[in-house]
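Chain letters run A, B, ... following the sequence lines, proteins first and then strands; every chain starts at 1. Quick caveat: nothing in here was measured; it's all calculated off a predicted structure.
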Amino acid sequence: MKRRSLDVVAVQKKTKTNLTTSHLSDAYYDHDCFKLARSLLGKKIVRKVNDRRLACKIVEVESYLANDDKSSHSYQHKKTKRNEAMFMKPGTLYVYLTYGMYHCMNISSKGDGDAVLIRAAEPMEGVDLMLQNRQRLSKSNKLFDKGVLCNGPSKLCQALDIGLKQNKLNLCNSSELWLEEFERIPEDTIVHTKRIGLNVKRVGEWAMKPLRFYILGNGFVSKKDYNAEKEMAVK
DNA sequence: CACTAGATTGAT
DNA sequence: TCAATCTAGTGA
């Protein structure tokens, strides 16, 4: 009896050690929503299913704020059953169902109710399995290629098989989903532009705010803003 | 309770 | 340009 409990402790210690070497830490996520959003670009999302490792590089994100941002689920810090994860500690995953059939994944940042939507990623590891997931979860009969695997928030969730089961998951200590350091993205190669899919009539000025960030020149972004890119070239 | 619109995707 | 598909949010 005594012997067995010691073994359990040993296993836990070993797991913890492994986690600290690869997982981005609590401290990493504890930054305001703008700063975290931009720093997420170039990081690697790692998903483990049935001992298979899937991974992709984050190339596009958006910030959603809890104050006056009418487009945010946490608008005016309103907490509901759906958006609870946005108010949990930085590094908590917020997954929600949209249009009755798709999922989107966000990461809670510092700031009560603020979160970052992961909009697109570049497939890196386990591409075959990601293709299978997409093929299985989408209704399409067509065969997908690598280019359209993760170039949208719900496509990404399909490719990584992320749904409501993963809502409220802690990215700092989960063995099924976490972030790793990967590539440093220089500030001057980050495009700042308005967010996608917002109803201007309903959201007002917040629909125009530059709260979408993506890696300049990356081919796995969901939608490029050539005007914003041109503006950058001038500077 | 009835009704509406949505942080999307894929087909026409 | 439009349908799929369903729930949170709103208002009676």
Side-chain atoms of residues 148-171 of chain A: list all donor-acceptor pairs with protein atoms under 3.5 Å, sequence neighbours left out, distances to 0.1 Å.
{"residue": "A:N151", "atom": "OD1", "partner": "A:K155", "partner atom": "NZ", "Å": "2.9"}
{"residue": "A:S154", "atom": "OG", "partner": "A:H103", "partner atom": "O", "Å": "2.9"}
{"residue": "A:Q158", "atom": "OE1", "partner": "A:R134", "partner atom": "NH1", "Å": "2.6"}
{"residue": "A:Q166", "atom": "OE1", "partner": "A:G163", "partner atom": "N", "Å": "2.9"}
{"residue": "A:Q166", "atom": "NE2", "partner": "A:E176", "partner atom": "OE1", "Å": "3.1"}
{"residue": "A:N167", "atom": "OD1", "partner": "A:V95", "partner atom": "N", "Å": "3.0"}
{"residue": "A:K168", "atom": "NZ", "partner": "A:E84", "partner atom": "OE1", "Å": "2.5"}
{"residue": "A:N170", "atom": "OD1", "partner": "A:C172", "partner atom": "N", "Å": "2.8"}

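- Nucleic acid contact class of A:Y75 (heavy atoms, under 4.0 Å, all strands): none.
- Residue A:K201 is out of contact with every strand shown, counting any heavy-atom pair closer than 4.0 Å.
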Distances under 3.5 Å between protein N/O atoms and the N/O atoms of nucleotides 4-6 of chain C, please, pair by pair.
{"residue": "C:dT5", "atom": "O2", "partner": "A:Y99", "partner atom": "O", "Å": "2.4"}

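- Remark: A:S71 engages A:Y64, A:D69, A:R195, A:L198, A:V203 in a side chain to side chain contact (heavy atoms under 4.5 Å, CB included) (not counting sequence neighbours).
- Under a cutoff of 6.0 Å and an axis angle of 45°, A:K79 and A:F87 form a cation-pi pair.
- A:L117 comes within 4.0 angstrom of a base, heavy atoms only.
- Between atom CG of residue A:D114 and atom OG of residue A:S72 there is a gap of 7.5 Å, rounded to the nearest 0.5 Å.
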### Task
May I have the step-by-step check of side-chain contact (heavy atoms from CB on, under 4.5 Å) for A:Y214 and A:S222, ending in yes or no?
CA-CA 9 Å; A:Y214 69 85; A:S222 69; over 6 Å; no

For residues 124-131 of chain A, please give each side-chain donor-acceptor pair under 3.5 Å, one per line with the distance, not counting sequence neighbours.
{"residue": "A:E125", "atom": "OE1", "partner": "A:R53", "partner atom": "NE", "Å": "2.8"}
{"residue": "A:E125", "atom": "OE2", "partner": "A:K44", "partner atom": "NZ", "Å": "2.8"}
{"residue": "A:E125", "atom": "OE2", "partner": "A:R53", "partner atom": "NH2", "Å": "3.4"}
{"residue": "A:D128", "atom": "OD1", "partner": "A:R52", "partner atom": "NH2", "Å": "3.1"}

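- The 12-atom threshold is exceeded at NZ of A:K146, counting heavy atoms of other residues, nucleotides or ligands nearer than 6.0 Å.
- First and last contacting nucleotides of DNA chain B toward chain A (any atom under 4.0 angstrom from a heavy atom, 5' to 3' order): B:dG6 to B:dA11.
- Residue contacts shown for A:S154 are limited to sugar-phosphate atoms, with no base heavy atom under 4.0 Å away.
- Remark: C1' of C:dA8 and NZ of A:K79 are 17 Å apart, rounded to the nearest angstrom.
- The gap from the C1' atom of B:dA5 to that of C:dC2 amounts to 15 Å, rounded to the nearest Å.
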### Paired and unpaired positions of DNA chain B as dot-bracket, Watson-Crick or G-U wobble under 3.5 Å, | denoting a partner strand
||||||.||||.

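- Each of A:S140 and A:S72 has a nearest nucleotide on DNA chain B; the 5'-most of these lies closest to A:S72.
- If you check every strand for non-hydrogen atoms under 4.0 Å, A:R212 touches nothing.
- For the atom pair SG (A:C56) and CZ (A:F220), the distance works out to 10.5 Å, reported to the nearest 0.5 Å.
- Within 4.0 Å (heavy atoms only), A:M86 reaches at least one base atom of the nucleic acid.
- Using a 4.0 Å heavy-atom criterion, one finds that A:N106 contacts the bases of the nucleic acid, with or without backbone contacts as well.
- Contacts of A:R82 with the nucleic acid, taken as non-hydrogen atoms under 4.0 Å apart, involve only primed sugar atoms and P, OP1 or OP2.
- Within a 6.0 Å sphere centred on CE of A:M208, heavy atoms belonging to other residues, nucleotides or ligands number 12 at most.
- Atom P of C:dT5 sits at a distance of 23 Å from the matching atom of B:dA2, rounded to the whole Å.
- Under the salt bridge (charged side-chain N to carboxylate O under 4.0 Å, His left out) rule, A:E62 has a single partner from A:K223, A:K194, A:K209, A:R119, which is A:R119.
- Within a 6.0 Å radius of CD in A:E231, other residues, nucleotides and ligands contribute 12 heavy atoms or fewer.
- Between A:E62 and A:K142, the one whose closest nucleotide on DNA chain B sits nearer the 5' end is A:E62.
- Separation of atoms CG (A:N173) and CG (A:D26) is listed at 8.0 Å; rounding is to 0.5 Å.
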